[in-house]
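A short write-up of the structure that comes next.
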2 protein chains.
Amino acid sequence: MPKTVDRDEQRRQIGAALLQLVAERGLDEVSVRTVAAATGRSPGAVQKYFSTKDEMLTFAAELAGERVERRMAGVDSALPLRQALRELILTTLPVDAERRAEATAQLAFAVRAAHHPGLAAIRRQVDQDIRQALAGWLESAGHTTHATAVADAVIALSDGLALRMLYTPQEHEHLLAALDRSLDALIPGPGPEPPYSSAGASSCSASRR
Amino acid sequence: MPKTVDRDEQRRQIGAALLQLVAERGLDEVSVRTVAAATGRSPGAVQKYFSTKDEMLTFAAELAGERVERRMAGVDSALPLRQALRELILTTLPVDAERRAEATAQLAFAVRAAHHPGLAAIRRQVDQDIRQALAGWLESAGHTTHATAVADAVIALSDGLALRMLYTPQEHEHLLAALDRSLDALIPGPGPEPPYSSAGASSCSASRR
DNA sequence: ATCTTTGAGATACAGTCGTATTCTAAAGGC
DNA sequence: GCCTTTAGAATACGACTGTATCTCAAAGAT
């Protein structure tokens, strides 16, 4: 046996470099050569691990998906529902350099998935996992009705806020306020009632206390 | 004066073709040559109207923004708030081929804006316009507190749902349900419950038709 | 009818792309 | 020790990119 290397580890290194490159320069700037340079390798060396650019892209998309799911699993599930949700969403919003990198890559892949069946399948799988985990949280917190619909709403809200934050760093404050407002509305109680206006029969606020 | 043409009209034609191309094949497939072919022109003819690819892209992004704002202005403002919002959001979701085309282009430009200051500025302007119009709707419907936060939430929700619909056509039903759930939560019934609501009960049980 | 200005097409150029092929060097197994 | 297998680099190729330049046809003004 000749010189041997941990192939999977190498692939993960390259994939990680690709994600970072997407974050810094955009998915359009990703080429076999730029990724190779970002990892200090020659283009030929990258070819040893990914025979095709598309294979490399797909691998990186899966890697990014795994990261999201791992972060999700890392949220303290003992937290009150609203806080847990807020914490989870905050880990997906580009509020600092690291999260901005992740969000950028995530959204870039999502848009490309619109014209790339392979990437679309990966995104669908990740979304499905997150959706079911979220629905589980909701149900175990007493949110037995329309748990999946609320889960989908939370996902959409998170993605939409992240997208806009990408090109509007000035408005992070406003958008975080919008996040809290939405969570207040979507997740009634526990704790002090959100300071929502409107006369007594405010829609959902009576369901759980 | 020699042969003369309506330059602005030509530019709009080319811009429209570019948007359609983005919708059908993705922003990566947009090149001076592909756009020229899509308009039945030669690449050189396109150069007469846009001396640079970036100028062409910027123009198309503005064109797309105008379309959104025009659609927004077209929503019947006499409608009850919740219905107006729902109608507005539906015109931005990829529920049919035409809207899918618009949403695809919109989101593609949004992601590219993350690394393109010019596009970012355009997006920010469009977002600002929509936000203020939405906030105006909300306030004039009695939603005097946190109108802008709710407006931002609505925008994020709309973008997030559109993004996911792009690569998950199978789940349109679920996502529309999530939209209604969110609207129910965000917009407490304006006096008379909207017709979506089932009887006088809490609007929590109201779902899409 | 001529001139002049313009739209449109064709072509050229340097650069980058993805991928295939070829080479060098090094690290186990014998 | 050599020999095989592999990692990695270098190179080659055709296709495509954005942009600059050139030519030609056509239409209004004189």
Side-chain angles (χ1 to χ4, degrees), chain A residues 1-22 24-61 108-109 111-113 115-119, chain B residues 1-22 24-61 108-109 111-113 115-119:
Chain A
M1 277 302 210
K3 183 159 61 174
T4 182
V5 199
D6 184 341
R7 284 189 67 83
D8 278 339
E9 170 57 23
Q10 300 289 320
R11 283 167 66 96
R12 272 194 298 273
Q13 268 187 28
I14 297 174
L18 190 154
L19 292 181
Q20 186 180 343
L21 192 58
V22 173
E24 288 171 359
R25 301 210 259 144
L27 190 43
D28 322 295
E29 298 285 338
V30 168
S31 74
V32 177
R33 286 169 176 82
T34 56
V35 172
T39 67
R41 265 171 261 253
S42 75
V46 173
Q47 280 183 298
K48 292 283 173 179
Y49 296 100
F50 299 103
S51 59
T52 220
K53 180 190 180 180
D54 198 74
E55 185 189 337
M56 179 173 69
L57 234 52
T58 301
F59 179 85
F109 281 121
V111 166
R112 181 152 304 197
H115 304 282
H116 188 305
L119 291 182
Chain B
M1 277 301 209
K3 182 158 61 174
T4 180
V5 281
D6 184 342
R7 283 190 67 83
D8 279 339
E9 170 58 23
Q10 300 289 321
R11 284 166 67 95
R12 272 194 299 272
Q13 268 186 28
I14 296 174
L18 191 154
L19 292 181
Q20 186 179 343
L21 192 58
V22 172
E24 288 172 358
R25 301 210 258 145
L27 191 43
D28 321 297
E29 297 286 338
V30 168
S31 74
V32 177
R33 285 168 177 80
T34 56
V35 171
T39 67
R41 263 172 262 253
S42 74
V46 172
Q47 281 183 296
K48 291 284 172 177
Y49 297 100
F50 299 102
S51 59
T52 221
K53 179 189 181 181
D54 198 73
E55 185 189 336
M56 179 173 70
L57 234 52
T58 301
F59 179 87
F109 281 119
V111 166
R112 180 153 304 197
H115 302 97
H116 188 305
L119 291 182

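Just so it is clear: chains get the letters A, B, ... in the order the sequence lines come, proteins before strands, and each one is counted from 1.
- Residue A:R41 places no side-chain atom within donor-acceptor reach of the base of D:dG8, judged by atom type and a 3.5 Å distance cut-off alone.
- Note: CZ (B:R11) to C1' (C:dA8) measures 17 Å, nearest angstrom.
- To the nearest angstrom, P of D:dA7 lies 12 Å from CG of A:D8.
- Note: CD (B:Q13) to C1' (C:dG7) measures 14 Å, nearest angstrom.
- No side-chain donor from either of A:S51 and A:Q47 sits under 3.5 Å from a side-chain acceptor of the other.
- Using modelled atom types, one finds a donor on one side chain and an acceptor on the other under 3.5 Å when comparing A:Q10 with A:R41.
- Not one side-chain nitrogen or oxygen of B:K48 sits closer than 4.0 Å to the OP1 or OP2 atom of C:dA8.
- A sub-4.0 Å separation between OP1 or OP2 of C:dC17 and a side-chain N or O of A:S31 is present.
- Donor-acceptor pairing under 3.5 Å is recorded for the side chains of B:D54 and B:H116.
- Atom-to-atom, CG of A:D28 to P of D:dC16 comes out at 19 Å; the value is rounded to the nearest Å.
- What separates CG of A:L27 from P of C:dC17 is a distance of 13 Å, to the nearest Å.
- Here the C1' atom of nucleotide D:dA10 and the CZ atom of A:R33 are 12 Å apart, to the nearest Å.
- For the pair A:R7 and D:dA7, the criterion of a side-chain N or O lying under 4.0 Å from OP1 or OP2 is met.
- Residue A:A45 places its side chain closer to D:dA9 than to any other of C:dA8, D:dA9, D:dT19.
- Both A:Q47 and A:E29 sit near DNA chain C, but only A:E29 has its closest nucleotide nearer the 5' end.
- Residues B:P43 and B:Q10 both approach DNA chain C. Their nearest nucleotides, taken by heavy-atom distance, put B:Q10 toward the 5′ side.
- In this structure, CZ of A:F50 is placed 13 Å from P of D:dG8, rounded to the nearest angstrom.
- Checked by atom type, the side-chain pair A:Q20/A:R25 shows no donor-acceptor distance below 3.5 Å.
- Residues B:Q13 and B:T39 form no side-chain contact, since every pair of their non-hydrogen atoms from C-beta on lies 4.5 Å or further apart.
- The side chain of A:T52 sits closest to C:dT19 out of C:dT19, C:dA8, D:dT17.
- Dashed line: the shortest gap from a side-chain N or O of B:Y49 to OP1 or OP2 of C:dA8 is under 4.0 Å.
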